[in-house]
Amino acid sequence: MTAPPGSQSTPPTSAPPDPRDPLGLAADAPLLDAWLRFTGQGEAGELLPMSVPGHKQRQDLVGAVIRGDAPLYGGLDAIKHADALLSGAEARAAALWGADWCRFSVAGSTHGNQALTLAVGQPGQEVIITRTLHRSLLLALVLAGLRPVWVRPEIDPRTSLPGPVPVQAVKDALTEHPSACAVILGDPSYVGTTGNLSGHAEVAHAAGVPLVVDAAWAAHLGFHPDLPPHAIAAGADAMVTSAHKALPAYTQGALVLARTERLDAARLNRAFEATHTTSPTGSIMASIDAARALLARDGERLCGRLLRGVAAARRRLREVPGLDVLDGPTVEPTKLIVLLAGTGANGYAVEADLIRQGMPMEMADRDTLGPIPTIADDEVQIAAFTEALIATIERHRGTPRQPVAAPAWTVQPQTVLAPREAFFAANETVSADAAIGRVSAELIAPYPPGVPVLAPGELVTTEAVTALREIKADGGRIAYAADPSLATFQVVCR
Ligand SMILES: Cc1ncc(COP(=O)(O)O)c(C=O)c1O
């Protein structure tokens, strides 16, 4: 990376390795290099910034909580040069994923989903989109004013978990809705099932529309021969992925990547900027850059280690009576989804026990556990977690039961109003009983997985209310409800 003229950014020199960059990634990561320099100056007391952030790199007021925080603009580089520094880093990521447009987000895949949805159509247009979508995509429909045509994954009767969305379902939807502006899918699903993305790309392109993929969990895909290709390689026009989920990047770091044959780069930029902060933190940006450099250099080795660790964990878990794991050709091989029902243990109790042992997991419901091993974990760590998990499950054993599909996967909404119309409509708060048969003004999602069970514009049904109450009673988190007790609901005024 050549620093732009006048830039503060200094190319890496033969200086001794910086212990804050133990793998020497800065040589291929311009934002990381700039972050190391700026924060190094701050820690050495060499800065007297008369610019934001207001902490001025001093830790004598709020303390160490601001350590490492450096703004992109006026920190990693002078305000007038930081865009060039950032573009250089984003271009490296675009090249790595085979895209021709890339932006780094400090607001997660949530922001990436908003940006891509704002870039594909016009208010009032239809979009083919999976209903097992993350809430960020549903609210992106509100922002963009798009009208959803839902497609749904198949539910595996053995596990009660969602599989991929069939290509035929997307093809049929495109035939029935020829003026739809795009196809938006989530792949891999929250439980790691992957679909035929190249098939989806083919039918979308035959209909003349782009395929956009929420690949929040899949930043590592495509970086080992035993992993499925990432969405761009499979033919998608755009994908969003959380660098902070699968890669060793700061929380909130995400990448939005696109090919601009069917999407317009200027429109993508407008949509991205419309919903992004004007003060991105350089530490998140630098960590995305560093994670990209790591993936480019060591991705295959680290993914190989993860694949071996997860394969061993799956084998070991299967040896335990009653325990099973999600597996098979449509399951992303680094995903570890543990099926508990046959042990009778309650997933919420197992999760609470593991938290007490210092081992929080990404996801737990009554029948399913979703720990997230990443390329940061080695085989020894994954094996240690697996043994602790087994011992914990043994403590909670009970009577084996049939798994029940979570309502997030089975919800069959009746969309009466477009999400945007319902979101902005006059609304009132009524009792749960009175809400049945009315149109929801609010989005309510058990989290994780963050898939809405009720969304703006959908009929409130007895099934939805009962399912939400059951999850709450089991100890699940019901997110975003105006009344978290679920005694009342916000519905559109008649
Ligand atoms: C499928 C999916 N998409 C998007 C997101 C949002 O990602 P982020 O938390 O990075 O904003 C999530 C979060 O869990 C998710 O599961």
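With rounding to the nearest 0.5 Å, the separation of CH2 in Trp97 from CZ in Arg292 is 8.5 Å. For the atom pair Ser105 OG and His244 NE2, the distance stands at 9.0 Å (nearest 0.5 Å). Going from atom CG of Asp324 over to atom OG1 of Thr159 covers 9.0 Å, rounded to the nearest 0.5 Å.
When all heavy atoms are compared, the tightest approach of Gly235 to Ala201 is O-CB, 3.5 Å. Heavy atoms only, all atoms of each residue included: Ala144 and Thr117 are closest at CB-O, 3.7 Å. In terms of heavy atoms, Ala408 sits closest to Thr132 at O-CG2, 3.7 Å. Between Ser160 and Ile155 the shortest heavy-atom distance is C-CG2, 3.7 Å. Residues Val338 and Pro371 approach most closely at CG2-CD, 4.3 Å, considering heavy atoms. The minimum heavy-atom distance linking Leu340 with Asn346 is given by the pair CD1-C, 4.1 Å.
Between the side chains of Thr462 and Thr466, no donor N or O sits under 3.5 Å from an acceptor N or O. For the residue pair Ser136/Gln114, the side-chain donor-acceptor check at 3.5 Å is not satisfied. Looking only at atom types and distance, the side chain of Asp433 has no donor-acceptor partner in the side chain of Ser431 under 3.5 Å away. Side-chain atoms of Asn196 and Ser198 include a donor-acceptor pair closer than 3.5 Å.
Comment: Glu90 engages Arg103 in a salt bridge, judged by a side-chain N to carboxylate O separation of less than 4.0 angstrom. Taking a cutoff of 4.0 Å between a charged side-chain nitrogen and a carboxylate oxygen, Arg92 and Asp28 qualify as a salt bridge. Look at Lys245 and Glu362 and you find no salt bridge, because none of the NZ, NE, NH1 or NH2 atoms lies under 4.0 Å from a carboxylate O. Ion pair Arg131/Glu458 flagged as a salt bridge, since at least one NZ, NE, NH1 or NH2 atom sits closer than 4.0 Å to an Asp/Glu carboxylate oxygen. For the pair Arg401 and Asp367, the salt-bridge criterion is met [side-chain N within less than 4.0 Å of a carboxylate O].
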Would Thr368 and Ile337 count as a side chain to side chain contact (heavy atoms under 4.5 Å, CB included) if you check the C-alpha gap in whole Å, the side-chain angles of each, and the deciding distance to 0.1 Å? CA-CA 7 Å; Thr368 319; Ile337 295 292; 3.6 Å; yes

Criterion side chain to side chain contact (heavy atoms under 4.5 Å, CB included) on Cys303 and Thr334, from CA distance to verdict: CA-CA 8 Å; Cys303 288; Thr334 69; 5.9 Å; no

Using the rule given for side chain to side chain contact (heavy atoms under 4.5 Å, CB included), can you reason through Trp35 versus Met285, listing the C-alpha separation, both sets of side-chain angles and the distance that settles it, and then say yes or no? CA-CA 9 Å; Trp35 178 87; Met285 294 283 188; over 6 Å; no

Kindly indicate, with the supporting measurements, whether the criterion side-chain hydrogen bond (donor to acceptor under 3.5 Å, both in side chains) is fulfilled by Asp69 and Thr281. CA-CA 7 Å; Asp69 179 44; Thr281 178; 2.9 Å; yes

From CA spacing to verdict: side chain to side chain contact (heavy atoms under 4.5 Å, CB included), His134, Tyr447: CA-CA 10 Å; His134 183 253; Tyr447 212 113; 2.8 Å; yes

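By the side-chain hydrogen bond (donor to acceptor under 3.5 Å, both in side chains) test, Thr39 pairs with Arg20, sequence neighbours left out.
Residues Leu139 and Asn113 fail the side-chain proximity criterion, which asks for heavy atoms closer than 4.5 Å. Looking at Val120 and Leu146, their side chains come closer than 4.5 Å, going by heavy atoms from C-beta outward. Contact annotation: the side chain of Val127 never approaches that of Val149 to less than 4.5 Å [non-hydrogen atoms, C-beta and beyond]. Residues Ile478 and Ile444 form a side-chain contact, since some pair of their non-hydrogen atoms from C-beta on lies under 4.5 Å apart. In this structure the side chain of Val320 reaches within 4.5 angstrom of the side chain of Arg397, judged on heavy atoms.
Classification of the Trp217-Tyr190 ring pair by plane angle, with boundaries at 30° and 60°, yields perpendicular.
A cation-pi arrangement, defined by a distance under 6.0 Å to the six-membered ring centre and an angle within 45 degrees of its axis, is present between Arg135 and Tyr480.
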